[in-house]
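Below is one structure; the comments refer to it alone.
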Amino acid sequence: MPLQLSHLNRRFTEFAALNDVSLTIAPGEFLALLGPSGSGKTTLLRILAGLDYPDSGTVFNGEEDFLATPARQRRIGMVFQHYALFRHLTVTENIAFGLRVRSWRSRPSRADIRGRVERLLKRVQLEDFGGRYPSQLSGGQRQRVALARALAVEPDLLLLDEPFGALDAQVRVTLRRWLRELHEELQLTTVFVTHDQEEALELADRVAVMNHGRIEQVGAPEIIYQQPATPFVCEFIGKVNRFTVTRNGEGFAAGGWTPDGDPWEGRFAEAQAYVRPEQLRVAVAPSQPAWEARLRHIYLAGSVAHLDLHVPALDQALEADVASEDLSRLGLHAGMELRVAPRSAVLFPRDASGATISEERWLWHAAHRVHA
Amino acid sequence: MTAPLRSRPVGWPRRLAHGGLILVALVFLVLFLLLPLATVFVEAFRQGIAAYVVAIKQPEALAAIRLTLIVAAIAVPLNLIFGIAAAWAMTRFEFRGKALLGALIDLPFSVSPVISGLVYVLLFGAQGWFGPWLDAHGVKIIFAVPGLVLATIFVTLPFVARELIPLMQAQGSEEEQAARVLGASGWQMFFRVTLPNIRWALLYGVLLCNARAMGEFGAVSVVSGHIRGLTTTMPLEVEMRYNEYDYVGAFAVASLLALLALITLAAKTLLEWRYGDEIAAHAPGGH
């Protein structure tokens with residue numbers, strides 16, 4: 001049964017947390033709600049959990065009206081940002097909580113509860129920690145207890161609020177992989193909120209990018225990354241170079257470089273172009289249109305090298321990413337002159353007032369691929 | 001020089017200042033706290049243990065003790081419930097007039113207890129707003145036990161709430177939300193999550209509330225009417241005996257109050273020492 005969110009609106013006194021949000025979540029899906037703080041992603045999660053209610057709109061879980069179902073009857077497991085473990089209860093008691101508060105008719109027997117808690121402790125690799133209190137655990141351990149507690153009630157839907165937000169980088173990566181594996185195994189519909197795009201792209205089947213209470217784009221991570229739907233998504237996901245192209249004569253141009261063609265057939269005089277650093281070719285042959293650029297600095301970051309370029313024709317800096325081994329192959333060094341051109345770009349036309357129009361997006365690719 | 005900081009030679013003016021300040025503090029403590037406390041017990045036992053026991057076993061004294069216990073037994077649980085409810089409202093809900101509620105909770109601390117008592121006389125006294133109506137229905141509040149209870153509740157109202165609000169603020173409501181999502185009902189959430197988290201602070205607040213409820217003089221004095229054996233609580237009994245030159249009697253009852261204070265102090269210190277981090281940093285001030 002899909003989870004169907006339709007036209008949700010939620011206003012707080014100062015701002016609109018959700019602005020006409022609609023979204024369908026497929027069973028077994030791993031969905032990320034990605035956005036900057038204040039984008040409404042946490043509000044959306046809290047509405048799913050029954051901790052907040054929209055001013056208008058509907059949430060249906062198959063045939064079941066979720067908004068008419070109290071939080072405690074929604075069969076939801078939730079992991080809070082700061083885990084919200086019960087500080088006065090041991091790990092075991094924390095995990096058993098959701099089972100113990102059930103009415104006697106639906107409550108499993110003591111032995112069943114104990115068995116289930118033990119299995120969960122094993123699953124989250126905390127077999128020997130059942131007697132500890134939350135304050136005696138590390139951040140990563142607390143996170144796993146919170147997850148075990150959420151899974152103990154055998155939920156239909158798992159909600160995670162910034163699940164890795166409070167952890168240090170190494171633990172974060174380990175737990176991320178582990179959570180992904182857990183999901184493959186359980187096939188439990190999972191929605192998680194994050195402001196970390198890397199986390200969202202790596203973990204999720206689908207990503208919903210949110211901004212100012214709206215969903216800007218929903219799609220598979222590679223679609224979000226390669227075919228961003230709006231300027232916001234371009235800039236929020238990954239690194240990107242931005243410049244303006246203007247129409248002259250038959251097509252568009254920016255400082256000597258021209259994307260061939262005009263999908264808008266002359267309706268717009270100006271467009272905003274986005275190019276990912278790895279989509280910027282360096283050392284373009286002299287026969288092809290390109291910008292003359294000066295390599296100002298090379299930042300070596302392991303397998304990738306970031307090139308800090310200055311293009312006088314655009315009067316701005318661009319960043320290009322190349323594989324580290326290409327540095328010596330191409331003989332790159334700071335201070336040298338290079339010919340650079342985009343391999344692909346995303347362009348949004350600007351209307352007379354200068355506002356970009358997302359609906360008229362143009363995904364441009366170089367006609368023939370020439371290796372750098 | 002690698003001498004540790006502490007043993008660094010200090011100039012004599014500095015050392016004099018140190019010693020002088022400590023001395024002043026000690027002298028003050030002895031003069032104004034320990035000496036009076038000791039005096040209470042010395043005076044109480046001045047004519048021997050037998051006289052002390054006789055003084056306490058007098059019917060008026062026993063009635064005063066009973067009344068004090070009754071008043072506290074009503075006022076403290078009511079303020080416990082009010083304190084939790086007010087703290088819950090202040091820390092878990094957003095509503096109009098929240099700041100006003102916060103200020104109102106503090107009101108009894110800023111108003112003289114005598115005024116608090118007078119307010120009740122004005123409301124429920126024979127010449128008061130509701131006096132004639134109450135009189136017609138045979139309800140007696142002023143110069144009776146209900147008046148004492150009301151005045152005591154008013155004076156001790158802030159203790160529990162003031163103790164809980166900062167703690168519940170700091171703890172936040174995430175654990176309660178987690179309990180709800182896990183399927184707990186409102187009562188389960190309260191008794192299994194909220195209450196265990198605030199229990200020591202609550203006990204601390206109740207302790208202070210109780211000490212004040214039993215020791216309150218001003219507000220109670222105004223509404224009491226000083227009817228011996230009927231409306232005199234222990235502090236009032238102490239005053240009446242003292243005014244009648246019954247020093248042993250006065251100090252005997254006073255010694256019980258002092259004992260209560262000492263027990264409260266000990267329990268309070270124990271709580272602070274053992275569960276300091278589960279109690280809001282500062283105890284509420286009072287008169």
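Proteins come first, then strands; the chains are lettered A, B, ... in the order of their sequence lines, and each starts at number 1. Scope of the values below: all heavy atoms of this structure, side chains included, with no hydrogens, waters or symmetry mates.
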For A/R46, is it the side chain, the backbone, both, or neither that has a heavy atom closer than 4.5 Å to a heavy atom of chain B?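 For A/R46, the contact with chain B is made by the side chain alone.
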Using heavy-atom distances under 4.5 Å, tell me whether A/L99 contacts chain B through its side chain, its backbone, both, or neither. neither
Side chains of B/Q177 and B/M189, heavy atoms from C-beta outward: is any pair under 4.5 Å?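 They are not in contact (no side-chain heavy atoms under 4.5 Å apart), so the answer is no.
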Residue [X] versus chain A: region with a heavy atom under 4.5 Å:
X	result
B/E176	neither
B/S185	both
B/R199	side chain

Can you see whether B/W88 has B/R92 sitting over its ring - NZ or CZ less than 6.0 Å from the centre and within 45° of the normal? yes
Does A/R149 make a cation-pi contact with A/F97, if we ask for NZ or CZ under 6.0 Å from the ring centre and within 45° of the axis? no
For a quick check under 3.5 Å, do A/H195 and A/E162 share a side-chain donor-acceptor pair by atom type? yes
Should the pair A/H88 and A/F86 be assigned to parallel (<30°), tilted (30 to 60°) or perpendicular (>60°) ring geometry? tilted
